Undergrad: 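The structure's right below; bear with me while I get my questions together.
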2 protein chains.
Amino acid sequence: MSCETETVEVLREAGHKLTPQRLMILSALRHAEGHYTATEIYDQVRAEYPYVDISTVYRTLGVLKEMRLVSETNMGTGDTTYEWVREHRRHHHLICRDCDTVASLDHQYLEDLGAEILAESGFKPDIDHFAIFGLCATCQERSRTA
Amino acid sequence: MSCETETVEVLREAGHKLTPQRLMILSALRHAEGHYTATEIYDQVRAEYPYVDISTVYRTLGVLKEMRLVSETNMGTGDTTYEWVREHRRHHHLICRDCDTVASLDHQYLEDLGAEILAESGFKPDIDHFAIFGLCATCQERSRTA
DNA sequence: CCTCTACCTGCAACTGGTTGCAATTACATT
DNA sequence: AATGTAATTGCAACCAGTTGCAGGTAGAGG
């Protein structure tokens with residue numbers, strides 16, 4: 001739990017209580033790489049403490065999302081995925097709507113878009129983790145020749 | 001139905017059958033302005049033909065989405081909204097995660113982003129109708145002084 | 001250490017959306 | 001106009017996610 005101290009402080013300062021359930025959910029997300037569904041997190045926490053409820057998982061993810069400690073993304077697979085936001089290592093996804101291939105998109109493109117929007121409208125977008133749907137090069141080719 | 005002829009032809013050429021249910025769903029979307037939830041479309045169709053099933057509405061919205069005749073957008077209100085895509089009149093939304101205010105975003109910003117991505121990666125994004133979450137100017141101010 | 005209260009939890013009921021299946025229907029072919 | 005078949009429909013059962021509520025707990029203050 002040692003490396004969690006900072007996060008715990010951030011949450012407490014925002015007026016949130018640190019319950020054992022929350023600490024377990026937090027820990028599951030922080031020590032994992034990549035995206036997880038709510039159910040995956042639920043299962044992992046339940047292995048340690050079998051009485052958690054799935055609604056507690058969703059509610060905790062909700063407060064973490066509101067504080068922008070985790071990102072919530074619809075990857076087009078049916079259920080929503082959550083990921084711990086690391087300042088370095090920001091990334092986005094290009095998802096082909098035909099073949100479902102997922103490619104990465106450099107953060108810079110969206111960083112620039114966010115800066116433009118902020119400068120011109122005053123609105124500050126959360127550019128944490130985007131999923132952009134479209135057609136990959138291969139599928140464009142295929143539909144041209146079909 | 002006269003003004004629908006072109007759309008009907010597009011669908012038939014893609015191998016889809018034109019059932020009365022689909023024609024009613026199509027007509028409801030085409031003659032409406034703005035975003036609608038699946039339930040709103042369902043209710044409207046049901047007024048004319050009470051035996052449609054909600055799953056038929058979702059499935060039809062699915063094929064229309066796949067053909068990019070309608071856009072599907074999560075506006076953060078819980079349920080997904082659908083809108084007939086009109087080439088002119090493209091627009092996007094900036095939604096404040098604190099006060100839920102919705103502002104419009106000019107299509108140009110995203111058009112440019114889409115062109116950049118296509119040029120550099122070959123992936124062609126569907127830039128039909130984005131909802132970008134963040135903090136409006138007022139709420140940024142409020143959280144600074146809080 | 002005890003008290004108090006606002007926040008949090010688990011439960012159960014609910015809403016939005018999806019899926020497998022048997023029966024039906026659009027429409028291409030003859 | 002009759003036939004064949006693949007797509008589509010309605011139904012029912014299901015999965016993902018949300019919400020109201022009564023009881024429980026973190027943690028601030030005394």
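Since this is a predicted model, take the numbers as computed values, not measurements. Every chain is numbered from 1, with letters handed out A, B, ... down the list of sequences.
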Undergrad: Heavy-atom distance under 4.5 Å between the side chains of Glu111(B) and Ile127(B), does that happen here?
TA: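 Side chain of Glu111(B) against side chain of Ile127(B), heavy atoms only: no contact under 4.5 Å found.
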Undergrad: Quick check on salt bridge (Lys or Arg N to Asp or Glu O under 4.0 Å): which of Asp128(A), Asp126(A), Asp106(A) does Arg90(A) satisfy it with?
TA: Asp128(A)
Undergrad: If hydrophobic clusters are built from ILVMFWY residues whose side chains come within less than 4.5 Å, do Val10(B) and Tyr82(B) share one?
TA: yes
Undergrad: Checking side-chain polar atoms at under 3.5 Å, does Arg142(A) have a donor or acceptor matched by the opposite partner on Thr138(A)?
TA: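 No, no side-chain donor-acceptor contact under 3.5 Å.
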Undergrad: Check the pair Cys96(A) / Leu135(A) against side chain to side chain contact (heavy atoms under 4.5 Å, CB included), numbers first and verdict last.
TA: CA-CA 5 Å; Cys96(A) 181; Leu135(A) 274 187; 4.2 Å; yes
Undergrad: Answer yes or no: does a side-chain N or O of Gln21(B) lie under 4.0 Å from OP1 or OP2 of dT25(C)?
TA: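 The answer is no; no side-chain N or O of Gln21(B) sits under 4.0 Å from OP1 or OP2.
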Undergrad: So, OP1 or OP2 of dC8(C): does either fall under 4.0 Å of a side-chain N or O from Arg22(A)?
TA: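 Yes.
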Undergrad: In the structure I gave you, are the side-chain heavy atoms of Leu26(A) and Trp84(A) within less than 4.5 Å of one another anywhere?
TA: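 Touching, per the 4.5 Å side-chain cut-off.
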Undergrad: Near DNA chain D, counting only heavy atoms under 4.0 Å, which residues of residues 61-74 of chain B show up?
TA: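 Heavy-atom contacts with DNA chain D come from no residue of residues 61-74 of chain B; none.
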Undergrad: Just do the side chain to side chain contact (heavy atoms under 4.5 Å, CB included) check on Leu110(A) and Leu113(A) with the steps written out, would you?
TA: CA-CA 5 Å; Leu110(A) 289 166; Leu113(A) 175 68; 4.1 Å; yes
Undergrad: Rounded to the Å, how far apart are Asp79(A) CG and dG17(C) C1'?
TA: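 After rounding, the gap between these two atoms is 12 Å.
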Undergrad: Quick one: are Leu29(A) and Leu69(A) in side-chain contact, heavy atoms under 4.5 Å?
TA: no
Undergrad: Do the side-chain N and O atoms of Tyr109(B) and Glu120(A) include a donor-acceptor pair separated by under 3.5 angstrom?
TA: yes
Undergrad: Of the options Ile41(A), Ile25(A), Thr19(A), which is the one that meets Thr60(A) in a side chain to side chain contact (heavy atoms under 4.5 Å, CB included)?
TA: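 Only match with Thr60(A) under side chain to side chain contact (heavy atoms under 4.5 Å, CB included): Ile25(A).
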Undergrad: Among residues at least two apart in sequence or on other chains, which ones pass ring pair (Phe, Tyr, Trp, His ring centres under 6.0 Å) with His93(B)?
TA: His35(B), His91(B), His129(B)
Undergrad: Just the rounded figure in Å: distance from P of dT25(C) to CG of Leu23(B).
TA: 15 Å
Undergrad: Please list residues of residues 44-57 of chain A whose heavy atoms come under 4.0 Å from any atom in DNA chain C, ordered by number; otherwise none.
TA: Tyr49(A), Tyr51(A), Val52(A), Asp53(A), Ser55(A), Thr56(A)
Undergrad: Nearest whole angstrom, please: distance from the P of dG16(C) to the OH of Tyr36(B).
TA: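 Between P of dG16(C) and OH of Tyr36(B): 18 Å.
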Undergrad: Can you list, in residue-number order, the parts of residues 10-17 of chain B that come under 4.0 Å of DNA chain C, counting heavy atoms only?
TA: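 Correct list: Arg12(B), Lys17(B).
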Undergrad: Would you say that Arg22(A) contacts Val63(A) through its side chain, given a criterion of any heavy-atom pair below 4.5 Å between the two side chains?
TA: yes
Undergrad: Taking OH from Tyr58(B) and C1' from dT19(C), how many angstroms apart are they, rounded to a whole number?
TA: 14 Å
Undergrad: Within 45 degrees of the ring normal and closer than 6.0 Å to the centroid, is that where the cationic atom of Arg46(A) sits relative to Tyr49(A)?
TA: no
Undergrad: Hey, what bend do you get for the helix from dC1(C)-dG30(D) to dT30(C)-dA1(D) if you fit axes on five pairs at each end, rounded to 10°?
TA: 40°
Undergrad: Assess whether a salt bridge exists between Glu83(B) and Arg89(B), defined as any Lys/Arg side-chain N lying under 4.0 Å from an Asp/Glu carboxylate O.
TA: no
Undergrad: Going only through I, L, V, M, F, W and Y residues with side-chain contacts under 4.5 Å, is there a path from Val45(B) to Tyr42(B)?
TA: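 Yes, because Val45(B) and Tyr42(B) connect within a single hydrophobic cluster, where side-chain heavy atoms sit under 4.5 Å apart.
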Undergrad: Does some side-chain heavy atom of Leu18(A) sit less than 4.5 Å from a side-chain heavy atom of Leu11(A)?
TA: yes
Undergrad: How would you give the extent of chain B contacts on DNA chain D, as first and last nucleotide 5' to 3' within a 4.0 Å heavy-atom cut-off?
TA: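 Footprint of chain B along DNA chain D, 5' to 3': dA6(D) to dC11(D).
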